[in-house]
Amino acid sequence: MAETQWSGEWITLDAQGALNVPPNPNIAFIEGDGTGPDIWAATGPVLDAAVLKAYGGKKKIHWFELFAGERAMKQTGEPLPAKTIDLIRKCVVAIKGPLTTPVGTGMRSLNVTLRRVLDLYACIRPVRYIPGIPSPVLHPERVDMVVYRENTEDVYAGIEWESGSEEAERVSRLLFENFDITLPEKSGIGIKPMSPAGTKRLVRRAIAYALKQRLPSVTLVHKGNIMKYTEGAFRKWGYELAREEFSDRTVTEAEVLAGRQDLEGKVVIKDRIADSMFQQALLRPEDYSVLATPNLNGDYLSDALAAQVGGLGMAPGANVGDKAAVFEATHGTAPKYAGLDKINPGSLILSGAMMLDHLGWVEAAQLIHQALERTIGAGIVTYDLARQMSGATEVGCSRFGRALIEHMD
């Protein structure tokens, strides 16, 4: 399916940052490590079939393979070659499987590095229940949220020093000598940066999405009762952004509770402390539609929400910035299943549907969602779901992909 050269046309960005998508765009893919080749082999044909069926041959993706992770190490000696980064920038949109960070390269995480160097500041994770999927909660159908997680700041910025290192000792002395702060001996030390600009661009994107999709609310999730100048500031800056840029289209929860009634066409901006939000996600998920979160909170919450609707095997995700977007499987490489044609490709397939939506090819994305519902409704599932379902037909990774294409009516 992959081509040896860029035989399509390039996606471009206009002055406002909107995509100009030709009918035959060049789009990069990275198979990934472990089970990555298995799930990509199932995913690619599903995406192509959806585009063909939706547009009757008038649109077509021209795929081009890029390398990262273990395959890149074998070919170039680098886990994330500069050429891969440059070509993702060139094609604007890419999709990838899970990646392993090779031991000893000094790179904390290939995924985190990709987000940082491409400035993919919004990790977007829609969480919605597909009927028929086993769930540990009584009413998974009440979960229908999109998590907008800030991707470049917070503890994931990676500013830390090891216990006992010279750097950690220097920072410890600096804190004592300049701020009268005494740390326990041999503390490992990390810094948690959060900025107005980083927060506001994330919240801007979350509110714009809620308005476009006519969703009722955006909730700022934070731990500002304890970390007042980072997470508390995230809350403050989020409300500021809504007031500065969306005052005619948003209203605060406080204003609603005070009796303001002009909610027609408006998004309610509210906030919840992170631990309370975890409880609300279980008890009252129907009260929340879009969550805007700092990096670590969003990591926890998106996985916890995914567990309510069937797990990471069916959880899509995207990392989006102003100049590029990378759609990805949200689970790990699962190396013990590599090459067995066994793993559930649902996460990457749903991420591919997100990618089609991002391109504006909504009809093709809808075909994939419909096919997933029909296939799972017919009890045709991979092992992870079959073992939890009575009377299911267990199929392999590639067969599941073919079943989706067969159900694409």
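Not measured: the values here are computed from a predicted model.
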If you count the non-hydrogen atoms of other residues, nucleotides and ligands that lie under 6.0 Å from [atom1] in [X], is the total more than 12?
{"X": "D180", "atom1": "CG", "result": "no"}
{"X": "E185", "atom1": "CD", "result": "no"}
{"X": "Y300", "atom1": "OH", "result": "no"}
{"X": "I181", "atom1": "CD1", "result": "yes"}
{"X": "Y55", "atom1": "OH", "result": "yes"}
{"X": "R170", "atom1": "CZ", "result": "no"}

Does the distance from a Lys or Arg side-chain N to an Asp or Glu carboxylate O, for [X] and [Y], drop under 4.0 Å?
{"X": "K236", "Y": "E231", "result": "no"}
{"X": "K83", "Y": "D86", "result": "no"}
{"X": "E406", "Y": "K53", "result": "no"}
{"X": "R201", "Y": "D119", "result": "yes"}

Mark yes or no for whether [X], through its side chain, and [Y], through its backbone, hold a donor-acceptor pair below 3.5 Å.
{"X": "E245", "Y": "A242", "value": "no"}
{"X": "S163", "Y": "K186", "value": "yes"}
{"X": "N178", "Y": "L174", "value": "yes"}
{"X": "T333", "Y": "G34", "value": "no"}
{"X": "S347", "Y": "M314", "value": "no"}
{"X": "T375", "Y": "L372", "value": "no"}
{"X": "S195", "Y": "G198", "value": "yes"}
{"X": "T393", "Y": "I380", "value": "no"}
{"X": "Q279", "Y": "D275", "value": "no"}
{"X": "T330", "Y": "A315", "value": "yes"}

Near-ring test F64/F29, centroid separation under 6.0 angstrom: no
Ring centres under 6.0 angstrom apart (H139, Y129): no
Within 45° cone and under 6.0 Å: R149 NZ/CZ vs Y156 ring: yes
Is it the case that the side chains of [Y] and [X] hold a donor-acceptor pair, with the cut-off being a distance below 3.5 Å and no angle test?
{"X": "E255", "Y": "T252", "answer": "yes"}
{"X": "N20", "Y": "D14", "answer": "no"}
{"X": "D271", "Y": "H222", "answer": "yes"}
{"X": "N319", "Y": "E328", "answer": "yes"}

Mutual orientation of the aromatic rings belonging to Y383 and Y337 [parallel < 30°, tilted 30-60°, perpendicular > 60°]: tilted
Mutual orientation of the aromatic rings belonging to Y209 and Y148 [parallel < 30°, tilted 30-60°, perpendicular > 60°]: tilted
Minimum side-chain heavy-atom gap [X]-[Y] below 4.5 Å:
{"X": "V203", "Y": "L220", "result": "yes"}
{"X": "R235", "Y": "I273", "result": "no"}
{"X": "R142", "Y": "D287", "result": "no"}
{"X": "V21", "Y": "W361", "result": "yes"}
{"X": "L19", "Y": "H358", "result": "yes"}
{"X": "V92", "Y": "L13", "result": "yes"}
{"X": "V268", "Y": "T250", "result": "no"}
{"X": "E9", "Y": "N26", "result": "no"}

Pair S217-I269, side chain to side chain contact (heavy atoms under 4.5 Å, CB included): steps then yes or no: CA-CA 6 Å; S217 67; I269 309 298; over 6 Å; no
From CG (L348) to CG (D38), nearest 0.5 Å: 11.5 Å
Gap separating the CG atom of D144 from the CZ atom of R128, nearest 0.5 angstrom: 6.5 Å
From CA spacing to verdict: side chain to side chain contact (heavy atoms under 4.5 Å, CB included), V326, L120: CA-CA 8 Å; V326 177; L120 306 176; 3.7 Å; yes
Those residues that, when tested against P136, pass side-chain contact (heavy atoms from CB on, under 4.5 Å) (two or more places apart): none
[X] to [Y] - nearest heavy-atom pair and separation:
{"X": "P98", "Y": "A329", "result": "CD-CB, 4.1 Å"}
{"X": "P79", "Y": "L110", "result": "CB-CD2, 3.6 Å"}
{"X": "P345", "Y": "T43", "result": "O-OG1, 4.0 Å"}
{"X": "A274", "Y": "V221", "result": "CA-CG1, 3.8 Å"}

Worked verdict on K96 versus N111 for side-chain hydrogen bond (donor to acceptor under 3.5 Å, both in side chains): CA-CA 10 Å; K96 71 173 199 62; N111 292 318; 2.7 Å; yes
Pair D154-K192, salt bridge (charged side-chain N to carboxylate O under 4.0 Å, His left out): steps then yes or no: CA-CA 5 Å; D154 201 353; K192 177 188 175 79; 2.5 Å; yes
Worked check of salt bridge (charged side-chain N to carboxylate O under 4.0 Å, His left out) between D48 and K60: CA-CA 7 Å; D48 287 338; K60 178 187 176 183; over 6 Å; no
For E167, all residues meeting side chain to side chain donor-acceptor pair (under 3.5 Å), sequence neighbours excluded: none
Side chain to side chain donor-acceptor pair (under 3.5 Å) partners for Y121, two or more places apart: R205, D322
Test log, rule salt bridge (charged side-chain N to carboxylate O under 4.0 Å, His left out), inputs R173 and E166: CA-CA 11 Å; R173 286 197 301 272; E166 179 185 349; over 6 Å; no
Pair I133-V309, side chain to side chain contact (heavy atoms under 4.5 Å, CB included): steps then yes or no: CA-CA 7 Å; I133 291 181; V309 299; over 6 Å; no
Candidate pair D357 and M354, rule side chain to side chain contact (heavy atoms under 4.5 Å, CB included), full reasoning: CA-CA 5 Å; D357 268 325; M354 282 184 74; 5.6 Å; no
Stepwise salt bridge (charged side-chain N to carboxylate O under 4.0 Å, His left out) check, E150 with K200: CA-CA 10 Å; E150 202 290 316; K200 288 185 177 183; over 6 Å; no
